[in-house]
Enquirer: 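Here it is, the structure, as structure tokens.
Order of the sequence lines sets the chain letters (A, B, ...), proteins ahead of strands, with each chain counted from 1.
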Amino acid sequence: MEARPFNSKEDTVLDVKPLRCLAPMFPAPYGFNTTFTTSGSAPFVCVSPFGSSTSGNGFPPSFHPANGGAANGLADVSPINLDEEPEPTAHTSPSVKKTRRRGRPRLRADSSETDVSEKKPQQRKKPRKITDLSLIFPSSLDPRESVEGVLMTFDALRRRLLQLDETTDATKRADLKAGAIMMANDLRANMGKRIGAVPGVEIGDIFYFRIEMCMVGLHAPSMAGIDYINAKSTETDEPTAVSIVSAGGYENEDGDVDFLIYTGQGGGTGNKHADKKQFDDQKLERGNLALEKSFHKGNLIRVIRSAKDMNCITGKIYIYDGLYKIQESWIDKGKSGFNVFKYKLLREPDQPEGIAVWKRTEQWKASPLSRGRVILPDISSGVETIPVCLVNEVDDAKGPSHFTYATKVRHLRSIDSMRALQGCKCLSVCLPGDANCSCAQQNEGSLPYSSSGLLVSRKAVVYECNSSCACSVNCRNRVTQKGVKLHFEVFRTRGRGWGLRSWDPIRAGTFICEYTGEVYDKVAADDGEEEHYSFRATYVDEKTLKWNHGPELLGEPSNQSEIFKPLPLIIRAKNIGNVARFMNHSCSPNVFWQPVMHDHAEEGYPHIMFFAIKHIPPMTELTFDYGVSSSNVLSTLAGTRGPMKCLCGIPKCRGIFG
DNA sequence: GGACGCTCAACACG
DNA sequence: CCGTGTTGAGCGTC
């Protein structure tokens with residue numbers, strides 16, 4: 001149960017963590033003058049089409065899409081599109097989105113369960129437009145923030161809708177319901193089609209629903225695989241392809257990470273018919289025509305590839321793989337003997353890795369020995385069910401200084417001497433909508449996790465089922481108590497000590513790990529001792545406070561003030577700890593902490609559990625916001641140690657943390 | 001501008 | 001776990 005003692009000088013340095021360096025904003029786009037805004041267009045803000053650089057994956061900075069070429073992208077970007085109040089949206093523009101959704105009945109946005117099920121649930125209420133969103137969603141000029149904000153809000157909505165629907169027998173598809181609400185409120189980024197990079201979306205970004213890519217302007221169609229600018233909106237009067245989704249719906253394709261053979265649409269393949277049999281020749285129209293024209297024009301095309309992910313109910317995720325160009329096209333015979341169009345796309349050079357990262361981590365998971373530069377195959381010495389390997393690809397450090405790996409916290413007094421939680425009387429498993437479940441009651445009336453184990457919303461405290469409960473270990477209200485389920489690696493960062501990342505893609509709301517160590521309270525701990533590798537629950541960052549932002553859109557009261565209360569506990573992981581002790585700080589984190597109770601009832605000393613703020617691609621460093629604790633101010637005064645200088649370098653960096 | 005039709009979803013059911 | 005049936009959204013097109 002102990003990790004090897006290592007001796008490394010700089011281990012005494014706290015792992016400071018910069019990261020997510022967003023590209024500086026360019027004052028004006030480079031020579032982009034064409035605007036294909038399919039719509040009239042709202043008050044847009046111009047942002048460099050080059051998007052941001054590294055972030056997401058810690059990959060080398062920025063790839064610049066081909067320049068100058070005739071057919072180039074445009075640069076209009078709407079930040080999270082609210083009905084800006086400072087810019088009195090004015091009569092000039094707002095028309096765009098209002099008029100658009102008319103074509104067909106929309107999903108109902110409210111949760112009045114009265115009108116749920118008539119036989120033909122046709123006329124459902126369309127999502128309500130919330131008027132004053134500006135307070136909830138301050139508009140951001142930073143494209144990455146806009147995109148993240150849209151996705152985070154969407155998923156919060158989706159999880160909440162799923163939770164609400166479970167108690168009724170309402171139709172599912174919470175993704176579409178949430179998407180409809182987002183669209184109705186113009187909560188989206190990058191409206192209008194563009195060629196090339198999409199500001200705020202980075203290569204390697206992952207998605208779990210097609211509608212997510214639609215909302216951030218990466219790929220507009222909700223189902224179709226080819227996105228294109230229609231003929232009327234282009235200068236040449238020819239349709240122009242902008243992006244494709246390669247998701248295995250057609251024969252062939254795939255193969256390498258550098259190229260792709262893509263099959264055209266139509267002819268009866270795809271999903272139109274259940275048998276998926278082609279019954280007609282494909283025609284050179286719509287997406288096929290657009291691809292053909294793009295081939296001749298040589299314009300860039302975004303490629304989104306899908307990958308198998310068994311943790312996800314749909315069984316796949318989407319990975320943005322960057323820009324490609326069509327190298328050749330031809331007509332082929334499909335299995336059914338009808339003509340199909342084929343397009344060979346070549347990946348542009350010098351781009352950060354996209355699908356390649358995923359392929360590599362999959363291989364590592366299958367055979368961990370194939371992971372190179374390993375210092376130690378399992379830093380947990382077998383205590384975790386999944387090994388945590390230690391790697392160094394950047395320098396000569398041999399590993400962190402000695403500590404004892406422990407999957408559980410160590411309290412000053414025994415758990416037995418603490419008050420016990422009350423238990424529910426649910427047989428087998430707790431079910432949503434069961435008013436008698438006392439555990440649900442403790443959690444504000446709902447089970448805190450979705451059926452797939454995702455945290456629905458942040459709360460001051462989450463109560464899991466426990467040893468006093470009648471339900472079994474299969475109950476869905478037992479998530480964090482079961483420990484980590486991800487393939488972690490502790491790795492050497494560049495200049496910030498050791499860090500933590502995962503081989504698995506992580507969906508927003510996923511439980512990541514507990515912060516284990518020796519639990520003290522403030523008084524007992526205030527001895528000016530070494531405070532590296534310690535956790536304090538005195539601060540929650542803004543992004544985490546906003547993680548729940550579904551409620552307002554559903555007309556539910558905002559509970560931001562209730563989702564955080566400071567706790568007296570301090571967890572020291574200097575001598576005893578787990579993977580959490582390697583998580584570095586960021587002012588733009590992808591992980592947050594959440595108090596959880598599951599084995600005792602001492603409110604001041606809950607377990608500190610970490611969850612994903614957003615979808616996290618494999619090999620992305622996991623970080624949370626350390627905050628600035630008042631006790632650190634005290635220790636500064638005492639001359640022991642002050643806040644650390646933050647190196648995260650994002651525009652909103654506070655400068656210090658710890 | 002409105003309705004219709006197209007499409008490498010997503011999920012439930014057996 | 002799989003096939004497959006069902007209800008779909010945005011957006012181009014007419």
Enquirer: Given that A/G225 and A/R158 both sit by DNA chain B, which one's nearest nucleotide is further toward the 5' end?
Expert: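 Closer to the 5' end of DNA chain B: A/G225.
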Enquirer: Closest-nucleotide mapping onto DNA chain C: is A/A220 or A/K232 further toward the 5' terminus? I mean the 5' end.
Expert: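 Here A/A220 is the residue nearer the 5' end.
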Enquirer: So, are A/E362 and A/K308 salt-bridged, with charged N and O less than 4.0 Å apart?
Expert: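 Answer for the salt bridge query: no.
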Enquirer: Considering only B/dT7, C/dA9, B/dA9, which nucleotide approaches the side chain of A/L176 most closely?
Expert: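 Among B/dT7, C/dA9, B/dA9, the one nearest the side chain of A/L176 is C/dA9.
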Enquirer: Between C/dG10, C/dT13, B/dT7, which nucleotide gets closest to the side-chain atoms of A/M183?
Expert: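 The closest nucleotide is C/dG10.
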Enquirer: Please list, chain by chain and in numerical order, all residues satisfying ring-ring contact (aromatic ring centres under 6.0 Å, His included) with A/H615, sequence neighbours excluded.
Expert: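 Partners of A/H615 under the ring-ring contact (aromatic ring centres under 6.0 Å, His included) test: A/Y208.
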Enquirer: Rounded off to whole Å, could you give me the CE-to-P distance for the A/M213 and B/dT7 pair?
Expert: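 Result: 18 Å.
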Enquirer: With sugar-phosphate meaning primed atoms plus P, OP1 and OP2, does A/I244 contact a base, only sugar-phosphate, or nothing at under 4.0 Å between heavy atoms?
Expert: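 No contact.
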Enquirer: How long is the line joining CE of A/M191 and P of C/dC11, in whole Å?
Expert: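 About 8 Å, once rounded to whole Å.
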Enquirer: Check the angle between the aromatic planes of A/W503 and A/H487 and answer parallel, tilted or perpendicular using the 30° and 60° thresholds.
Expert: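 Rings of A/W503 and A/H487: parallel, under 30°.
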Enquirer: How do A/M310 and A/P239 order along DNA chain C: which one's closest nucleotide is nearer the 5' end?
Expert: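 Per heavy-atom nearest nucleotide, the more 5' residue is A/M310.
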Enquirer: Would you say a side-chain N or O of A/Y228 is under 4.0 Å from OP1 or OP2 of B/dT7?
Expert: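 No, no such contact exists.
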Enquirer: Between C/dG10, C/dG12, B/dA9, which one does the side chain of A/R173 approach most closely?
Expert: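 In terms of side-chain proximity for A/R173, the closest of C/dG10, C/dG12, B/dA9 is B/dA9.
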Enquirer: Answer yes or no: is there an ion pair linking A/D175 with A/R173, defined by an N-O contact shorter than 4.0 Å?
Expert: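 Yes, A/D175 and A/R173 are salt-bridged.
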Enquirer: Please report the distance, rounded to the nearest Å, between CD1 in A/I304 and C1' in B/dT7.
Expert: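 Rounding to the nearest Å, CD1 of A/I304 and C1' of B/dT7 are 15 Å apart.
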Enquirer: Let me know the distance between CG of A/L289 and P of B/dC6, rounded to the nearest Å.
Expert: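 Going from A/L289 (CG) to B/dC6 (P), I get 17 Å.
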Enquirer: Nearest to the side chain of A/V245 - B/dA10, B/dA9, C/dG10?
Expert: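 Nearest to the side chain of A/V245 among the choices is B/dA9.
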Enquirer: Would you mind classifying the nucleic acid contact of A/D227 as base, sugar-phosphate or nothing, using non-hydrogen atoms under 4.0 angstrom?
Expert: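 Here A/D227 touches no strand at all.
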Enquirer: Using atom NZ of A/K177 as one end and atom P of B/dC11 as the other, report the distance to the nearest whole Å.
Expert: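 My rounded result for the distance is 12 Å.
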Enquirer: Using side-chain contact (heavy atoms from CB on, under 4.5 Å) as the criterion, point out the one residue from A/I326, A/V303, A/D227 that pairs with A/I244.
Expert: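 Of the listed residues A/I326, A/V303, A/D227, the side-chain contact (heavy atoms from CB on, under 4.5 Å) partner of A/I244 is A/V303.
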Enquirer: Whole Å only: how far is the CE atom of A/M223 from the P atom of B/dA9?
Expert: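 Taking CE of A/M223 and P of B/dA9, I get 7 Å after rounding.
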Enquirer: With a 4.0 Å cut-off, would you call A/K614 and A/D205 a salt bridge?
Expert: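 No, no charged N to carboxylate O under 4.0 Å.
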Enquirer: What is the separation between atom CZ on A/F154 and atom P on C/dG10, rounded to the nearest whole Å?
Expert: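 Checked: the CZ to P distance equals 11 Å.
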Enquirer: Without decimals, in angstroms, what is the distance between A/R210 CZ and C/dT7 C1'?
Expert: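 Rounding to the nearest Å, CZ of A/R210 and C1' of C/dT7 are 16 Å apart.
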Enquirer: Tell me which of A/R286 and A/Y208 sits closer to the 5' end of DNA chain B, going by the nucleotide each one is nearest to.
Expert: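 With A/R286 and A/Y208 compared, the 5'-side residue is A/R286.
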Enquirer: Counting side-chain heavy atoms from CB outward, which of B/dC11, C/dC11, C/dG10 is closest to A/K193?
Expert: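 Nearest listed nucleotide: C/dC11.
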Enquirer: When you look for runs of 3 or more Watson-Crick or G-U pairs in a row, both distances below 3.5 Å, which of them include DNA chain B?
Expert: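 For DNA chain B the paired stretches long enough to count as stems (3 pairs minimum) are B:2-7 with C:9-14, B:9-14 with C:2-7.
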Enquirer: Quick one: ring-ring contact (aromatic ring centres under 6.0 Å, His included) partners of A/F511, sequence neighbours excluded?
Expert: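 ring-ring contact (aromatic ring centres under 6.0 Å, His included) check on A/F511 returns A/F611.
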Enquirer: Should the pair A/K177-A/D165 be classified as a salt bridge under the 4.0 Å nitrogen-to-oxygen rule?
Expert: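 Yes.
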Enquirer: Looking at B/dA12, C/dG10, B/dA9, which one has an atom nearest to any side-chain atom of A/K172?
Expert: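 Within the option list, the nearest is B/dA12.
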Enquirer: Which of the following nucleotides, B/dA9, B/dA10, C/dG10, is nearest to the side chain of A/F209?
Expert: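 Given the options B/dA9, B/dA10, C/dG10, the side chain of A/F209 is closest to B/dA10.
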Enquirer: Describe the nucleic acid contact of A/K316 in one word from base, sugar-phosphate, nothing, applying a heavy-atom distance below 4.0 Å.
Expert: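 Sugar-phosphate contact only.
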